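Take a look at the structure below.
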Amino acid sequence: MALKIYNSYSRQKEVFTPITPGHVGMYVCGPTVSGESHLGHARPYITFDVVFRYLSYKGNKVRYVRNITDAGHFEEEGREAEDKVGKKAQLEKLEPMELVQKYTNLYHWAMKRFNNIEPSIEPTATGHIVEQINMIEKIISEGYAYEVNGSVYFDVKKYAAGHDYGKLSGRIIDDLLETTRELEGQEEKRDRADFALWKSAAPEHIMRWKSPWGEGFPGWHIECSAMATKYLGPEFDIHGGGMDLQFPHHESEIAQSTICNHQAPVRYWMHNNMITINGRKMGKSYNNVIKLTELFSGNHPLLTQAFHPMTIRFFILQSHYRSTLDFSSEALVASEKAFKRLWEAYEVLQKLDVGAAVAGNAELDENINRWLAELEEFLDDDFSTAKVLANLFEMAPVINALKDGHLPADSISTATLKLMKERFKTVMEDILGLEAVSGADNEVLQGIMDLLIDIRKEAKSKKDFVTSDKIRNQLTAIGILLKDEKDGGMSWGME
RNA sequence: GGUCCUUUGGCCGAGUGGCUAGGCAAAGCUCUGCAAAAGCUUCUACAGCGGUUCGAAUCCGCUAGGGACCUCCA
């Protein structure tokens, strides 16, 4: 089966063919570590983690590059060029690199909790100043950039004359050139559509580097082009990021790399949509973000409780990555319950030991095989994780019914059961990256629970319900749920 | 103002012109010492109007609402 990816550049689904068979180069725009990550940031990294996992599952050797932006961006281009990282650092009375380290650590911690696999290479902007300067020099020598007062700008008008500037973001260059809005400090640029490759640093600027044009810092877009080129080559397979980066960031990346390397850098552009809150994009401009630390702790007015990273991962996977996804505490509660149910069914499945040589219920057996086969079809169809989960849910009642004896043990064949176990594990753990929420991986705790369950079983068999209820109620009070099962067994789990 | 997207049942959300997406919530039943869990059943929607079609949530047009980008943003 062929994987199809929706290419933002062509605006249609295309069969994915790697440049080098069996190898995939993928670049995803990483965070600016000048502040804490919020829920909106979780989406691209979870989305592209699944892309990474699935491409690997399909037998590709994937080089996944995701940068850390630790050098300054412009607070507002054209106005006083401010180094975002530097500015905040001064406010907080921290060394810039101390601040960068703090938020980088927090970001890594969150990524780990989401069970995201680390990228193959995680380059930093500050570690690639030389590469960026080299690239700018190349663009100047090609005649597509010019220097003014220690800053360097990309000549968009000249580029647009021979290239399709605006194709990715669906923009018309003439409209950009005619924008009426006035910004201060535009006079340096030959044209308002031009963007900075290098900015001369004001004296108070903390982050600054020597360059052929004087001391300054790199422009917003050049770091990604420089690092992508360095690690993935002049042309690579996939470039991902949030939809809000399409313009100007990605559009500019295309322009820079195309001039520098004489070819378009990216074969497939992938953009995830935004997470919204009350229908509005979650973002710092709207002042409506919920930080990941707040989500994990429940410490936010809009949250009714704390949410586990897996709940958030599941929540995100329940929608398609190109749709907006509306956040609410209720929606997360629903995801938490849904994930719990699915995961429990999955655990039951792995312990299930039923089946017959020939399925007793041919129709059911057939359905299961179809549901299982469809999992990969859905993933091949531009990573339709929502449909994958829906199919898995179709099988949950079957699993539970087999366990409870509502369905005869020989309803399905042993071959089907075996396939089911294998597919569930592959899809849920390896591809979707889901993992168990609460651990009974603590041996001491497990031992104590075994003991309590033993005592309770004894009490129950003597019809001593006072004792048995006491055990169950007190465990409930500390967040451990005991469930009596059909066969007289008991299972437990953390709230 | 320009460009583009979107509007699905109480809520969240899939949806390729014809066949019940799924989840959460709710109601009833079964099981159960009581619970919980689980199973079964019920709840059939596509903003409005018009058009194309044998047939439209799905295509086209208009109207209304919401949103994104055009500036830092995942």
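On a predicted model such as this, the values are computed, not experimentally measured, just so you know. Letters go in sequence order (proteins before strands), and every chain restarts at 1.
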#### Entry: Pairing nucleotide - C11(B), Watson-Crick or G-U, each distance under 3.5 Å
G23(B)
### Message
Would you call the rings of H250(A) and H271(A) parallel, tilted or perpendicular, taking 30° and 60° as the class edges?
### Response
tilted
### Query
If you check the F465(A) side chain, which of G13(B), G23(B), G33(B) turns out closest?
G33(B)
### Message
Considering every strand and a 4.0 Å limit on heavy-atom distances, what is the contact class for S319(A): base, sugar-phosphate, or nothing?
### Response
sugar-phosphate
### Query
According to the Watson-Crick and G-U wobble definitions, with both distances under 3.5 Å, which nucleotide is paired to A68(B)?
U3(B)
## Note on the structure
Regarding the side chain of A338(A), the nearest nucleotide among C24(B), A14(B), G33(B) is C24(B)
### Message
Rounding to an integer number of angstrom, what distance separates C69(B) and U53(B) when you compare their C1' atoms?
### Response
36 Å
### Task
Just call it for M243(A): base, sugar-phosphate, or nothing, with non-hydrogen atoms closer than 4.0 Å on any strand.
nothing
### Task
Give the rounded distance in Å between these two atoms: CG of D244(A) and P of C70(B).
8 Å
### Message
What is the separation between atom CZ on F393(A) and atom P on A14(B), rounded to the nearest whole Å?
### Response
15 Å
### Query
Just by distance, with hydrogens left out, do S328(A) and D326(A) show a side-chain donor and acceptor under 3.5 Å apart?
no
### Donor-acceptor pair present, N391(A) side chain and G22(B) base, under 3.5 Å
no
### Task
Under 4.0 Å between any heavy atoms, over every strand shown, what does G283(A) touch: base, sugar-phosphate, or nothing? Just pick one.
nothing
### Task
Confirm from the modelled atom types if S169(A) and C69(B) form a donor-acceptor pair under 3.5 Å, side chain to base only.
no
### Task
Would you kindly say whether Y153(A) and D191(A) are connected by a side-chain donor-acceptor distance under 3.5 Å?
no
### Query
Within 45° of the six-membered ring axis of Y165(A) and under 6.0 Å from that ring's centre, is NZ or CZ of R171(A) located there?
no
#### Entry: Base-pairing mate for A35(B) - Watson-Crick or G-U, with both contacts under 3.5 Å
none
### Query
Has the side chain of N105(A) got a donor or acceptor atom that lies under 3.5 Å from a matching backbone atom of K102(A)?
no
### Task
Looking at every strand, decide which applies to E336(A) at a 4.0 Å heavy-atom threshold: base, sugar-phosphate, or nothing.
nothing
### Query
Does the side chain of S329(A) come under 3.5 Å of the side chain of Q305(A) through a donor N or O and an acceptor N or O?
no
### Message
Using whole Å, what does the distance between atom C1' of nucleotide A68(B) and atom CG of N273(A) come to?
### Response
8 Å
### Task
Choose from C40(B), A14(B), A38(B) the nucleotide whose nearest atom is closest to any side-chain atom of A386(A).
A14(B)
### Query
C1' atom, G15(B) versus G22(B): distance in rounded Å?
11 Å
### Message
Please tell me if Y286(A) has a side-chain N or O lying less than 4.0 Å from either OP1 or OP2 of A68(B).
### Response
yes
### Message
What contact category does H38(A) fall into here, base, sugar-phosphate, or nothing, at under 4.0 angstrom with non-hydrogen atoms?
### Response
base
### Message
What contact category does L325(A) fall into here, base, sugar-phosphate, or nothing, at under 4.0 angstrom with non-hydrogen atoms?
### Response
sugar-phosphate
### Query
Does a donor on one side chain sit under 3.5 Å from an acceptor on the other, for N273(A) and R43(A)?
no
### Task
Could you give the distance separating C46(B) and C54(B) at their C1' atoms, to the nearest angstrom?
22 Å
### Message
Could you tell me how far U8(B) sits from G13(B) if I compare only their C1' atoms? Round to whole Å.
### Response
9 Å
### Task
For F327(A), report the nucleic acid contact type (base, sugar-phosphate, nothing); a contact means any heavy atom under 4.0 Å.
nothing
#### Entry: Integer-rounded Å distance: G22(B) C1' and F339(A) CZ
16 Å
### Nucleotide G23(B), atom P - distance to NE2 of H320(A) in whole Å
20 Å
### Query
When rounded to the nearest Å, what value does the distance between C1' atoms of C24(B) and C31(B) take?
24 Å
### Gap in Å between the two P atoms, one belonging to G23(B) and one to C70(B), rounded
39 Å
#### Entry: Closest to the T32(A) side chain, choosing from A74(B), A68(B), C24(B)
A74(B)
## Note on the structure
Against the side chain of F247(A), the closest entry in G39(B), C70(B), A74(B) is C70(B)
### Query
If we ignore angles and hydrogens, is there a donor and acceptor under 3.5 Å between the side chains of E36(A) and Y107(A)?
no
### Query
Counting side-chain heavy atoms from CB outward, which of G33(B), C69(B), G23(B) is closest to S468(A)?
G33(B)
### Query
Are any of K387(A)'s side-chain N or O atoms less than 4.0 Å away from OP1 or OP2 of G22(B)?
no
### T476(A) vs A36(B): side-chain N/O to OP1/OP2 distance below 4.0 Å
no
### Query
Does the C34(B) base have a donor-acceptor partner in the side chain of D484(A) within less than 3.5 Å?
yes
### Task
Send over the distance from D326(A) CG to C24(B) C1', rounded to a whole Å.
15 Å
### Query
What does A390(A) touch in the nucleic acid at a heavy-atom separation under 4.0 angstrom: a base, only the sugar-phosphate, or nothing?
base
### Query
Between M428(A) (CE) and G22(B) (P), how many Å, whole number?
18 Å
### Query
Checking all strands, does R472(A) fall into the base, sugar-phosphate, or nothing category for heavy-atom contacts under 4.0 angstrom?
base
### Task
Answer yes if the side chains of D70(A) and Y103(A) hold a donor-acceptor pair under 3.5 Å, and no otherwise.
no
### Task
For N400(A) and for P31(A), find the nucleotide of RNA chain B with the closest heavy atom, then tell me which residue's nucleotide is more 5'.
N400(A)
### Query
Under 4.0 angstrom, heavy atoms only, what part of the nucleic acid is D469(A) near: base, sugar-phosphate, or nothing?
base
### C1' gap between C12(B) and U52(B), integer Å
34 Å
## Note on the structure
note: I46(A), atom CD1; A74(B), atom P; distance rounded to Å ~ 15 Å
#### Entry: Under-4.0 Å side-chain N/O to phosphate OP1/OP2 contact, R11(A) with C5(B)
no
### Task
Give a yes/no verdict on a cation-pi contact between R280(A) and Y286(A), requiring under 6.0 Å between NZ or CZ and the six-membered ring centre and an angle within 45° of the axis.
yes
### Task
Nearest-nucleotide wise, let me know which of F315(A) and P44(A) is further upstream toward the 5' end of RNA chain B.
F315(A)
## Note on the structure
When both distances are under 3.5 Å in a Watson-Crick or G-U wobble arrangement, the nucleotide paired with G61(B) is C49(B)
### Message
Taking the C1' atom in each of A21(B) and A45(B), what is the distance between them to the nearest angstrom?
### Response
13 Å
#### Entry: Shortest side-chain distance from H406(A), nucleotide among G39(B), A74(B), C69(B)
G39(B)
### Query
Quick one: is R341(A) getting a side-chain N or O under 4.0 Å of the G39(B) phosphate, OP1 or OP2?
yes
### Message
Under 5.5 Å centre to centre and under 30° between planes: does that hold for Y45(A) and the six-membered base ring of A74(B)?
### Response
no
